[in-house]
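It should be emphasised that the depicted structure is a prediction, and the values quoted were computed from it without experimental measurement. Order of the sequence lines fixes the chain letters, A, B, ..., with proteins taken first and strands second; residue numbering starts at 1 for each chain.
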Number of protein chains: 2
Amino acid sequence: MTSQRRVIVQVLADSDDHPAAEDVYRRASRIEGRISLATVYRTIRLLEEAGILEKHDFGDGRARYEEIKRTHHDHLIDVDTGEVIEFVNEEIESLQEAVARELGYRLTGHRHELYGTRIHKPEQD
Amino acid sequence: MTSQRRVIVQVLADSDDHPAAEDVYRRASRIEGRISLATVYRTIRLLEEAGILEKHDFGDGRARYEEIKRTHHDHLIDVDTGEVIEFVNEEIESLQEAVARELGYRLTGHRHELYGTRIHKPEQD
DNA sequence: GTAGGTGCAAAAGATTTGCTCTGGC
DNA sequence: GCCAGAGCAAATCTTTTGCACCTAC
């Protein structure tokens with residue numbers, strides 16, 4: 001357990017957004033100067049393989065990460081702002097299982113992202 | 001309309017899988033020798049912007065493409081073989097709309113992929 | 001004839017890796 | 001002291017781009 005790893009893990013734990021490797025590097029650098037992007041990538045990979053981190057791709061060309069929390073959720077991405085909103089829908093979850101089963105598969109994972117634009121609500125402005 | 005573009009469009013129309021740019025290049029090269037990977041990328045981009053082609057990312061680091069067919073569908077990826085199976089589930093589709101609406105969003109698109117392993121069926125072997 | 005398209009090679013951006021050095025235990 | 005792990009720079013992989021040349025209309 002080196003200081004670099006400690007800092008990276010801390011940064012990820014403190015983030016409630018979905019930072020890319022570069023973001024993690026930037027945030028970690030503020031705390032611990034002696035750190036390199038390569039180490040961030042290596043540590044992120046370790047954490048991912050250990051099942052601690054989840055990798056996402058929201059379509060902007062780089063991987064985004066978040067800690068696996070107790071509650072599973074999917075994401076809605078605001079196409080105008082890039083904001084990421086988490087959602088849970090048990091009905092969709094079980095339908096997915098059913099679809100896979102019908103096709104002769106056991107589900108090992110899934111990726112579900114919604115992309116949308118905010119509905120303008122005049123009374124909220 | 002150049003011969004290169006004609007060939008690329010033809011290759012895509014003839015493919016019922018989800019080829020990456022490199023695959024399109026390989027298939028097109030067999031038909032038309034005078035073609036470059038750069039042209040494939042440029043043409044693919046044009047077709048995507050024209051709404052003729054859909055871009056996917058199945059998690060292997062390169063983009064995969066398919067022609068937009070009349071019927072919308074999502075994908076189940078066999079994690080053992082890489083095989084891609086298309087599926088349609090209207091119930092999930094409308095639940096997605098509902099989820100977005102509840103969060104105050106109008107859906108502009110979505111990405112939904114299931115990852116699974118084939119359930120072994122002894123009587124089928 | 002010319003504007004848009006092509007090929008080639010180099011650039012760009014994200015991620016990985018080889019190698020040497022270092023710091024935790 | 002040893003060895004896993006760090007830093008740095010170079011390599012890799014996919015995709016994009018600059019530029020000179022070409023070709024469809």
Report the C-alpha distance between A:N89 and A:D74 in whole Å, list the side-chain angles of each, state the deciding distance to 0.1 Å, and finish with yes or no for side chain to side chain contact (heavy atoms under 4.5 Å, CB included).
CA-CA 8 Å; A:N89 186 297; A:D74 291 308; over 6 Å; no
Residues A:Q4, A:T43; criterion side chain to side chain contact (heavy atoms under 4.5 Å, CB included); working and verdict
CA-CA 9 Å; A:Q4 286 86 342; A:T43 305; over 6 Å; no
CA sep, side-chain torsions, deciding dist, call: A:I92, B:V99, side chain to side chain contact (heavy atoms under 4.5 Å, CB included)
CA-CA 10 Å; A:I92 292 179; B:V99 165; 4.3 Å; yes
Chi angles and distances behind the side chain to side chain contact (heavy atoms under 4.5 Å, CB included) call for A:T71, A:V88:
CA-CA 9 Å; A:T71 54; A:V88 184; 5.5 Å; no
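For D:dT23, neither phosphate oxygen OP1 nor OP2 lies less than 4.0 angstrom from any side-chain nitrogen or oxygen of B:Q4. Neither OP1 nor OP2 of D:dA24 sits under 4.0 Å from any side-chain N or O of B:T2.
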Scan the side chains in residues 44-57 of chain B for donor-acceptor partners under 3.5 Å anywhere in the protein, sequence neighbours excluded, and list what turns up.
residue : atom : partner : partner atom : Å
B:H56   : NE2  : B:E66   : OE2          : 2.7
B:D57   : OD1  : B:G59   : N            : 2.8

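Taking the side chain as every heavy atom from C-beta outward, B:K69 and B:E86 approach each other to under 4.5 Å.
Between the C1' atom of C:dA3 and the CE atom of B:M1 lies a distance of 16 Å, rounded to the nearest Å. The separation between B:I35 atom CD1 and D:dT23 atom C1' is 15 Å, rounded to whole Å. One atom, CG of A:L47, and another, P of C:dT15, lie 15 Å apart when rounded to the nearest Å.
Considering only residues two or more places apart in sequence or on other chains, B:S29 meets the side chain to side chain contact (heavy atoms under 4.5 Å, CB included) condition with B:Y25, B:I35.
Between A:H72 and A:H112, a ring centre-to-centre spacing not shorter than 6.0 Å is recorded.
The salt bridge (Lys or Arg N to Asp or Glu O under 4.0 Å) contacts involving residues 4-17 of chain A comprise A:D17-A:R27, where partners must be two or more places apart or lie in separate chains.
For DNA chain C, the neighbouring residues in residues 5-30 of chain B, judged by any heavy atom under 4.0 Å, are B:R5. Proximity of residues 56-64 of chain B to DNA chain D (heavy atom under 4.0 angstrom from any strand atom) is restricted to B:G61, B:R62, B:A63.
More than 12 heavy atoms of other shown residues, nucleotides or ligands fall within 6.0 angstrom of atom CD in A:E67.
Across C:dT6, D:dG7, D:dA6, the shortest atom-to-atom separation from the side chain of B:T43 is found for C:dT6.
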Report all interatomic pairs (protein N or O, nucleotide N or O of nucleotides 16-19 of chain C) with separations under 3.5 Å.
residue : atom : partner : partner atom : Å
C:dT17  : OP2  : A:R45   : NH2          : 3.0
C:dG18  : O6   : A:R42   : NH1          : 3.3

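Relative ring orientation between B:H18 and B:F58 is described as perpendicular, the plane-to-plane angle rising above 60° on a 0-90° scale split at 30° and 60°.
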